[in-house]
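Structure record follows, encoded as structure tokens.
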Amino acid sequence: MWFALTLILIAAIATLHFRWRAKFRSLQGQRAAEIENARRHQQQTNVDAKAQQQVLFNSMIEGLLLLDRTQKIYLANRSFKNLFGLKTELRGRTVLEALRLHELDELVRRVQVEGQVFDYEFKLPGLSENWLRVNAAVISNSAGEREGTILVFHDLTRLKQLERTREDFVANVSHELRTPLSLIKGYVETLLDGARNNPEVAERFLKIIDRNTQRLDLLIQDLLTISALESGRMKLNLQPVELPSLAAKVLADLHAMADNKNVSLINVLPDLTAVADANRLDQVFANLVDNAIKYGKANGSVTVGGQKLAGGRLEIFVQDDGPGIPAESLDRVFERFYRVDKARSRDQGGTGLGLSIVKHIVHAHGGEVRVASELGKGSTFYFTLPEKPAQPPADLRTGA
Ligand code: ADP
């Protein structure tokens with residue numbers, strides 16, 4: 001009896017033991033799977049973080065260069081490679097090996113000594129003017145040990161160009177203002193010194209003063225127009241404008257000027273309607289026709305015409321049969337203060353801003369300007385404007 005009972009107990013304990021072992025094994029298996037999952041997750045997280053970092057670095061506008069503690073390149077982002085025109089792998093190379101720029105190599109050394117260098121500007125070697133600004137610093141860990149160096153590069157080229165344009169503009173404006181002003185001052189002084197006592201001389205001098213005062217006035221008006229156009233302060237009052245009648249008005253205004261040179265003004269503009277600011281467009285026509293008369297030949301002709309282009313655009317032209325514009329000046333005549341013949345333009349009362357104003361106004365309307373010219377044969381200035389969309393048929397408009 002006791003024997004049987006003992007056997008039953010042992011069997012029960014053994015069963016329990018095997019069940020526990022099986023359960024333990026399955027638990028152990030679960031743990032291992034969990035650990036494996038966690039490891040995979042961690043790995044994935046690391047890969048994701050790296051990929052995210054890469055995306056982040058490559059989406060930066062600034063060029064980024066990370067050097068390890070031995071000053072070898074650890075990472076160079078896409079903008080950095082673009083700035084320096086590099087396509088090859090840079091990892092593991094020194095700055096000098098990768099870029100062959102002693103100035104930058106010197107900078108890396110300086111950063112090691114000073115800890116950081118901010119706003120270091122330098123020009124990339126080469127024909128084109130490419131300027132960069134670098135901010136650089138050593139990277140240290142929490143124990144204060146140096147881990148590497150970070151360099152951030154900003155492209156300054158556009159900023160430098162704007163700076164130069166601004167400086168040139170100020171220099172040009174000062175020069176343009178000073179010329180008529182010093183003439184006025186000189187003639188006023190001569191008059192005060194006694195020339196006023198000779199009526200003939202006095203009248204001649206006063207006419208010169210009057211002409212130069214007008215020139216100053218014109219220049220200031222043009223400068224204000226350019227400044228308003230460039231700052232975007234000038235709002236366009238867009239309306240349907242019938243081009244033939246607008247051109248006819250401008251030609252009528254300039255008739256006396258054309259008559260003085262015996263120039264015929266011809267308007268062959270077909271029936272075109274643009275969406276434009278009538279006052280600004282008047283200025284475009286006036287500047288182009290004024291130039292065509294001014295720089296065209298005596299006894300010649302000036303023609304205004306145009307046509308429809310594809311894509312809802314109109315092209316207008318102003319043509320003269322004057323001496324034309326040399327090929328090397330064609331791209332430049334729309335620049336502020338650019339003149340083919342400085343003395344001639346000034347003698348004719350030009351401010352050097354007319355075509356620049358034309359370009360700004362046309363661009364503000366979403367159009368383009370260009371000039372075609374052949375020496376000895378004449379010049380044709382073209383500009384485009386958006387066409388007034390055709391009216392839908394009446395039944396569509398009323399919804400009938
Ligand atoms: P400006 O006040 O000197 O006329 P613009 O900007 O109107 O200034 O023109 C720039 C230069 O382009 C002029 O100085 C002139 O040399 C040249 N130019 C403009 N229109 C013509 C033309 N129809 N024929 C020849 N040269 C022209």
Side-chain angles (χ1 to χ4, degrees), residues 165 168-169 171-180 211-230 247 250-251 253-254 257-258 260-267 280-306 316-364 368-383:
T165 312
D168 286 353
F169 184 63
N172 274 324
V173 170
S174 318
H175 178 77
E176 296 295 331
L177 290 172
R178 213 177 303 129
T179 315
R211 212 173 43 241
N212 282 285
T213 320
Q214 277 177 31
R215 198 169 140 197
L216 271 180
D217 186 36
L218 215 66
L219 185 63
I220 290 166
Q221 274 179 37
D222 277 1
L223 283 171
L224 290 174
T225 308
I226 284 261
S227 138
L229 282 164
E230 287 193 347
V250 172
L251 295 184
D253 288 347
L254 293 168
M257 182 184 174
N260 278 341
K261 268 181 99 173
N262 198 25
V263 171
S264 355
L265 300 178
I266 306 160
N267 184 358
R280 296 291 150 218
L281 200 54
D282 189 303
Q283 231 172 336
V284 170
F285 274 108
N287 272 316
L288 293 178
V289 176
D290 179 277
N291 276 352
I293 302 171
K294 216 160 56 178
Y295 301 111
K297 67 175 184 198
N299 308 316
S301 63
V302 173
T303 311
V304 182
I316 298 104
F317 69 81
V318 176
Q319 187 174 48
D320 67 65
D321 50 5
I325 300 168
E328 66 274 14
S329 296
L330 285 178
D331 283 344
R332 303 203 57 194
V333 287
F334 294 98
E335 285 174 23
R336 294 179 299 199
F337 298 117
Y338 182 83
R339 284 124 165 174
V340 179
D341 181 342
K342 277 194 172 51
R344 191 167 165 224
S345 160
R346 288 214 184 92
D347 283 351
Q348 309 255 22
T351 61
L353 293 170
L355 288 179
S356 175
I357 290 176
V358 165
K359 182 182 77 179
H360 276 293
I361 295 177
V362 172
H363 282 180
E368 294 294 331
V369 279
R370 69 188 170 95
V371 55
S373 182
E374 204 178 324
L375 278 182
K377 294 211 166 155
S379 314
T380 310
F381 284 81
Y382 298 88
F383 63 96

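Atoms within a ligand are numbered from 1 in the order they appear, just like the ligands themselves.
The shortest N or O to N or O distance between N291 and ligand 1 is under 3.5 Å. Residue contacts with ligand 1: I325 is placed with no nitrogen or oxygen under 3.5 Å of a nitrogen or oxygen of the ligand (distance criterion only). Between G324 and ligand 1, a contact under 3.5 Å exists for no N or O pair.
A salt bridge links R339 and E176; the closest N-O separation between the charged side-chain nitrogens and carboxylate oxygens is under 4.0 Å.
Using a distance-only test at 3.5 Å, with no hydrogens or angles considered, no donor-acceptor pair links the side chain of S329 to the main chain of I325.
Those atoms of ligand 1 that come under 4.0 Å of a heavy atom in T351, given as number and element, are 2 (O). Atoms of ligand 1 lying under 4.0 Å from at least one heavy atom of K294, given by number and element, are 4 (O). Of all the atoms in ligand 1, the ones that sit under 4.0 Å from a non-hydrogen atom of V333 are 10 (C), 12 (O). Those atoms of ligand 1 that come under 4.0 Å of a heavy atom in S379, given as number and element, are 24 (N). Less than 4.0 angstrom separates some heavy atom of L355 from each of these atoms of ligand 1: 5 (P), 6 (O), 7 (O), 9 (O), 10 (C), 12 (O), 19 (C). The atoms of ligand 1 that sit less than 4.0 Å from any heavy atom of G352 are 1 (P), 2 (O), 3 (O), 6 (O), 8 (O).
What sits closest to atom 14 (O) of ligand 1 on the protein, heavy atoms only, is R339 CG, 3.0 Å. Of all protein heavy atoms, the one closest to atom 18 (N) of ligand 1 is Y295 CD1, 3.8 Å. Looking only at heavy atoms of the protein, atom 17 (C) of ligand 1 is closest to V340 CG2, 4.0 Å. Closest to atom 3 (O) of ligand 1, if we only count protein heavy atoms, is S345 OG, 2.4 Å.
Taking D341 as the reference, A343, R344 meet the side chain to side chain contact (heavy atoms under 4.5 Å, CB included) condition, with sequence neighbours excluded. Checked against salt bridge (charged side-chain N to carboxylate O under 4.0 Å, His left out), K297 has no partners two or more places apart in sequence or in another chain.
At a 4.0 Å heavy-atom cut-off, ligand 1 does not touch N287 at all. Residue contacts with ligand 1, taken as heavy atom pairs separated by less than 4.0 Å, involve Y338 solely via the backbone atoms N, CA, C and O.
Under a cut-off of 6.0 angstrom, the local environment of NZ in K261 is crowded, with over 12 non-hydrogen atoms contributed by other residues, nucleotides or ligands.
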Between F285 and F383, does a ring pair (Phe, Tyr, Trp, His ring centres under 6.0 Å) hold up when you go through it step by step? CA-CA 10 Å; F285 274 108; F383 63 96; 5.7 Å; yes
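The CD atom of Q214 sits 8.0 Å away from the CG atom of D217 when rounded to the nearest 0.5 Å.
For the pair R336 and F169, the cation-pi criterion (under 6.0 Å, within 45° of the ring axis) is fulfilled.
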